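Inspection log for the structure reproduced underneath, given as structure tokens.
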Protein chains: 2
Amino acid sequence: MFEVFFSQVKDKVLISEQEQNLVKTFFSPKKIRKKQYLLQEGDVCKHLAFVEKGLLRSYSVDEKGTEHMIHFAWEGWWMADILSFLSVEPSTYFIDAIEESELLLISFQGFEEMLLKVPVMERYFRILFQNNIISKERRLIQSLAYSAEEKYLHLLANNPKLVQKIPQNLIASYLGITPETLSRIKRKITQ
Amino acid sequence: MFEVFFSQVKDKVLISEQEQNLVKTFFSPKKIRKKQYLLQEGDVCKHLAFVEKGLLRSYSVDEKGTEHMIHFAWEGWWMADILSFLSVEPSTYFIDAIEESELLLISFQGFEEMLLKVPVMERYFRILFQNNIISKERRLIQSLAYSAEEKYLHLLANNPKLVQKIPQNLIASYLGITPETLSRIKRKITQ
DNA sequence: AAATAGTATTGACCTATATCAATCAAACCA
DNA sequence: TGGTTTGATTGATATAGGTCAATACTATTT
């Protein structure tokens with residue numbers, strides 16, 4: 001159950017067997033079906049979810065009912081509304097499963113306690129958050145400075161797995177463009 | 001010199017006098033004039049800069065020579081190209097002073113050593129990075145889902161200090177719109 | 001296997017925002 | 001202090017990408 005998890009952790013920090021066993025106690029496994037919600041708007045995000053298997057997405061829905069993709073997470077990645085989770089405020093997001101998935105959940109109390117009892121996990125999350133900042137910053141610059149076509153080409157070059165795994169209408173939303181525009185861009189690139 | 005710094009740190013974690021004295025040894029103060037560069041594209045970002053006083057900006061410049069504002073930092077905030085700093089790769093950003101500023105600089109080695117020797121600073125940065133993720137995510141959603149006018153209204157509501165302190169052409173760039181469009185939005189809102 | 005729902009493509013048209021250019025206002029500095 | 005650079009406003013025009021609608025394609029369900 002924790003194979004993917006600890007292989008990810010070990011990519012970033014050194015962790016002993018003993019520490020691993022302690023860390024395990026803070027998590028509970030959960031299976032989630034396709035289209036099932038992990039979080040709905042208005043609810044507090046009570047867990048960080050690590051994806052052992054499968055595929056999740058997070059998104060917001062505006063007044064017109066349009067969905068805006070925020071993140072995708074598959075094997076080896078985390079998913080949560082970090083704002084809601086940390087501030088214990090109602091979320092403005094939805095999180096659901098694009099594919100049937102296996103998750104490891106940790107609660108807010110569990111998270112805080114784990115970081116204090118296992119300092120190496122404090123370090124792991126600091127590094128994780130650093131990386132997250134970097135990738136968000138990249139995406140932000142792209143959304144500010146690039147045309148729709150440039151954004152798609154960058155995604156293809158830098159995150160081909162995402163383009164493979166995720167339906168096009170969701171990719172369009174992730175890039176902040178319409179599915180029609182993405183379809184036209186693809187045609188233009190291919191011909 | 002460290003007044004603003006430790007008041008910020010104490011907002012997030014408990015830190016002893018002893019720890020404070022140790023932390024101080026990792027930083028060096030630096031004064032920087034208006035328009036002076038702290039970082040130029042192609043150089044590795046060798047320091048995290050804490051702003052004790054003044055105002056900095058970071059921005060990228062595209063092939064057409066257009067500047068895209070990434071961040072602003074004034075009293076109590078950090079500034080760096082975190083990607084370049086952490087990965088020790090050449091930066092794609094510029095950082096310069098909008099106003100004459102007083103900074104506290106810490107090198108990469110200093111940073112790593114400080115986090116290991118003063119675990120409470122590991123915690124401080126984990127929290128700092130958390131908050132950074134949250135604000136970047138907010139900005140990202142706005143850039144994807146909101147119109148130019150909505151983005152400006154949100155900025156006014158949520159970051160009025162930024163709107164006060166920063167020239168309009170830079171605010172426009174920060175929002176990913178042109179100065180002309182921002183000017184028109186302001187007129188529309190006011191009348 | 002048919003029926004249904006979801007997803008992608010294409011075309012016609014529209015609108016928000018960019019671009020270009022001129023003027024105006026303010027800030028800097030020699 | 002007047003001249004020069006820098007930033008803001010306004011107008012005219014162009015365009016990338018959105019919207020709406022029809023059709024085609026692909027999965028999923030019964």
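A, B, ... follow the sequence lines: proteins, then strands. Residue 1 opens every chain. No hydrogens, no waters, no symmetry mates; every other heavy atom, side chains included, goes into these values. Keep in mind that what you see is a predicted model, and the values were worked out from it rather than measured.
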Rounding to an integer number of Å, can you tell me how far [X] [atom1] sits from [N] [atom2]?
{"X": "A:D62", "N": "D:dG18", "atom1": "CG", "atom2": "P", "answer": "13 Å"}
{"X": "B:I177", "N": "D:dG17", "atom1": "CD1", "atom2": "P", "answer": "17 Å"}
{"X": "A:E67", "N": "C:dT7", "atom1": "CD", "atom2": "P", "answer": "9 Å"}
{"X": "A:I98", "N": "D:dA27", "atom1": "CD1", "atom2": "P", "answer": "16 Å"}
{"X": "A:R33", "N": "D:dT28", "atom1": "CZ", "atom2": "C1'", "answer": "15 Å"}
{"X": "B:K64", "N": "C:dT19", "atom1": "NZ", "atom2": "C1'", "answer": "10 Å"}
{"X": "B:R184", "N": "C:dA21", "atom1": "CZ", "atom2": "C1'", "answer": "11 Å"}
{"X": "B:I185", "N": "D:dA8", "atom1": "CD1", "atom2": "P", "answer": "14 Å"}

*Under a 4.0 Å N-O cut-off, is there an ion pair linking A:R123 with B:E112?*
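Salt bridge present between A:R123 and B:E112.
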
*Should the pair A:Y124 and A:W78 be assigned to parallel (<30°), tilted (30 to 60°) or perpendicular (>60°) ring geometry?*
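Aromatic pair A:Y124/A:W78 classed tilted.
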
_Which label fits A:F111 and A:F125: parallel for a plane angle under 30°, tilted from 30 to 60°, or perpendicular past 60°?_
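Plane angle over 60°, so perpendicular.
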
_Given DNA chain D, 5'-ward residue of the pair B:L182 and A:Y146, judged by closest heavy atom_ =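 Whichever sits nearer the 5' end wins; that is B:L182.
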
*B:Y59/B:D96 under side chain to side chain donor-acceptor pair (under 3.5 Å): CA gap, chis, key distance, verdict*: CA-CA 9 Å; B:Y59 59 101; B:D96 64 18; 3.1 Å; yes

_For B:K35 and B:G176, find the nucleotide of DNA chain C closest to each by heavy atoms; which residue's nucleotide sits nearer the 5' end?_
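So the residue in question is B:G176.
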
Between [options], which nucleotide gets closest to the side-chain atoms of [X]?
{"X": "B:E180", "options": "D:dG18, C:dC20, C:dT7", "value": "C:dC20"}
{"X": "A:P167", "options": "C:dC28, D:dG7, C:dA8", "value": "C:dA8"}
{"X": "A:R187", "options": "C:dT9, C:dG11, D:dG11", "value": "C:dG11"}
{"X": "B:T181", "options": "D:dT19, C:dA18, C:dG6", "value": "C:dA18"}
{"X": "B:Q168", "options": "D:dT9, C:dA8, C:dA18", "value": "D:dT9"}

Does a side-chain N or O of [X] approach OP1 or OP2 of [N] to a distance below 4.0 Å, or not?
{"X": "B:T178", "N": "C:dA18", "answer": "yes"}
{"X": "B:N169", "N": "D:dT6", "answer": "no"}
{"X": "A:S147", "N": "D:dA16", "answer": "no"}

*asked:* Run the side chain to side chain donor-acceptor pair (under 3.5 Å) test on A:Q142 and A:R138 for me, step by step, so that the C-alpha distance in whole Å, both residues' side-chain angles and the decisive distance to 0.1 Å come before the verdict.
replied: CA-CA 6 Å; A:Q142 286 174 27; A:R138 282 222 186 92; over 6 Å; no

*Which part of the nucleic acid does A:K34 contact within heavy-atom distance under 4.0 Å: base, sugar-phosphate only, or nothing?*
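Sugar-phosphate, no base atom in range.
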
